[in-house]
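Here the structure is laid out as structure tokens; the discussion comes afterwards.
Heavy-atom basis, side chains included; hydrogens, waters and symmetry copies ignored.
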Amino acid sequence: MLTTDYVPGAPNWLDLGASDTEAAVAFYGSLMGWHFESAGPEAGGYGFFTLDRRTVAAVGPLTEEGARPAWTPYFHTRDAEATARTVDQAGGTVRLAPFDVFEEGRMAQFTDPGGARFAVWQPGRTAGLDAVNDPGTLCWTELHSPDPATDLAFYRKVFGWDAEEMPFPGGTYTTLMTSGAGREGSFGGVAQLQEGHSTPPQWLPYFEVADCDAVVAKGQDLGGSVLMPAMSAEGIGRMAWLTDAVRAPFGVIASGGPGA
């Protein structure tokens, strides 16, 4: 499970690149109860989503030409430069070379061999998000890949992740875990991107919610849309995929909810 006791390879930050940051702030404020706090005039419009005064995500304007609105997960690294070299050697792309974010930490952004974007955060004064797993916070990260085997081999080289195949009716699901932590270190999974699917290869964040169906309905009222209707998975919970007001995909889940 996710934790704020961050270890190498674990998700420790999450931000949204938005075509309209004001629309995104309004959407998530109404849907999740998040508040927006600017990082200051020198941050170029970047700021933090907070819940009960704890940072749970961040948002900023799109800065890359041709970029689409999307959530980007960041994974903990002790050495952003070394990770960037490994990404390059393993067949990924370094989109943004490592650089300092004031005194808060050091970051870099990449694309994996399948085309999904991700990033790393090397902590300085900021270790990462202040809260995970609680309602309204990040609880899972899922890679939608056109070639799960190739992408999994890439990430294992970069982060040393462990993986476990979990069977379900009609197939299997690959659960990801930080190195040597066993199931207690699980933080996400890898799913096959279906041919002809409307979304590109991506990392999809899931946010914990109290009532999945109510969030889906409210998300639509706020200008979002449904990518996958609410469904129950035995022993897991009730989940759905949505897009927000700027068309960025995300998931919600009521863990252990009705039908779980």
Listing request: all salt bridge (charged side-chain N to carboxylate O under 4.0 Å, His left out) pairs with a residue in residues 98-115, at least two apart in sequence or in separate chains.
Glu81-Arg106, Asp100-Arg106, Glu103-Arg125, Glu104-Arg125
Tell me the ring pair (Phe, Tyr, Trp, His ring centres under 6.0 Å) pairs involving residues 80-111, sequence neighbours left out?
Phe110-Phe118
Any non-hydrogen side-chain atom of Asp151 less than 4.5 Å from a side-chain atom of Pro113?
yes
Results of side-chain hydrogen bond (donor to acceptor under 3.5 Å, both in side chains) for Tyr206 - residues two or more places apart only
Glu142, Trp241
Is there side-chain contact between Leu2 and Thr141, with at least one heavy-atom pair below 4.5 Å?
no
So how far is it from Leu193 CG to Asp147 CG, rounded to the nearest 0.5 Å?
11.0 Å
Rounding to 0.5 Å, atoms OG1 (Thr86) and CZ (Phe154) come to a distance of 9.0 Å
Going by the rule side-chain contact (heavy atoms from CB on, under 4.5 Å), which residues pair with Arg183 if we only count those two or more places apart in sequence or in a different chain?
Glu164, Met166, Met177
Any heavy-atom pair between the side chains of Pro146 and Pro201 that's under 4.5 Å?
yes
Donor-acceptor pair, Asp162 side chain versus Gly180 backbone, under 3.5 Å?
yes
Partners passing side-chain contact (heavy atoms from CB on, under 4.5 Å) against Ala119 (at least two apart in sequence or in another chain)
Thr72, Tyr74, Gln109
Gap separating the OG1 atom of Thr137 from the CG atom of Leu129, nearest 0.5 angstrom
8.5 Å
Contacts of Trp34 that satisfy ring pair (Phe, Tyr, Trp, His ring centres under 6.0 Å) - sequence neighbours left out
Tyr28, Phe49, Phe207
Once rounded to the nearest 0.5 Å, what's the spacing between atom CG of Asp20 and atom CG of Leu62?
10.5 Å
For the OG atom of Ser38 and the CZ atom of Phe48, what is their distance to the nearest 0.5 Å?
8.5 Å
Phe36: ring pair (Phe, Tyr, Trp, His ring centres under 6.0 Å) partners, not counting sequence neighbours
none
Contacts of Thr178 that satisfy side-chain hydrogen bond (donor to acceptor under 3.5 Å, both in side chains) - sequence neighbours left out
none
First locate atom CE of Met32, then atom CG of Leu51, and finally report the distance between them rounded to the nearest 0.5 Å.
10.0 Å
Going by the side-chain hydrogen bond (donor to acceptor under 3.5 Å, both in side chains) test, which pairs reach into residues 216-230, not counting sequence neighbours?
Ser225-Thr243, Ser225-Arg247
Test side-chain hydrogen bond (donor to acceptor under 3.5 Å, both in side chains) on Thr175 and Ser186; report intermediate values, then the result.
CA-CA 7 Å; Thr175 300; Ser186 62; over 6 Å; no
Check the hydrophobic clustering (I, L, V, M, F, W, Y; side-chain heavy atoms under 4.5 Å; chains of links allowed) and say if Val87 and Val190 are grouped together.
yes
Residues 36-61 vs salt bridge (charged side-chain N to carboxylate O under 4.0 Å, His left out), sequence neighbours excluded, gives Arg54-Asp134
Just jot down the side-chain hydrogen bond (donor to acceptor under 3.5 Å, both in side chains) partners of Glu22, sequence neighbours excluded, or say none.
none
Of the options Asp15, Thr77, Val120, Val101, which is the one that meets Met107 in a side-chain contact (heavy atoms from CB on, under 4.5 Å)?
Val101
Single-linkage hydrophobic cluster Leu152~Tyr173, side-chain heavy atoms < 4.5 angstrom:
no
Test Trp203 against every option in Trp71, Tyr155, Trp140 by the ring-ring contact (aromatic ring centres under 6.0 Å, His included) rule and name the one that passes.
Tyr155
Would you say that Leu16 contacts Phe250 through its side chain, given a criterion of any heavy-atom pair below 4.5 Å between the two side chains?
no
Is there a donor-acceptor contact under 3.5 Å from the side chain of Trp121 to the main chain of Gly105?
no
List in chain and number order the residues that pass side-chain hydrogen bond (donor to acceptor under 3.5 Å, both in side chains) with Thr174, two or more places apart in sequence or in another chain; answer none if no residue qualifies.
Glu165
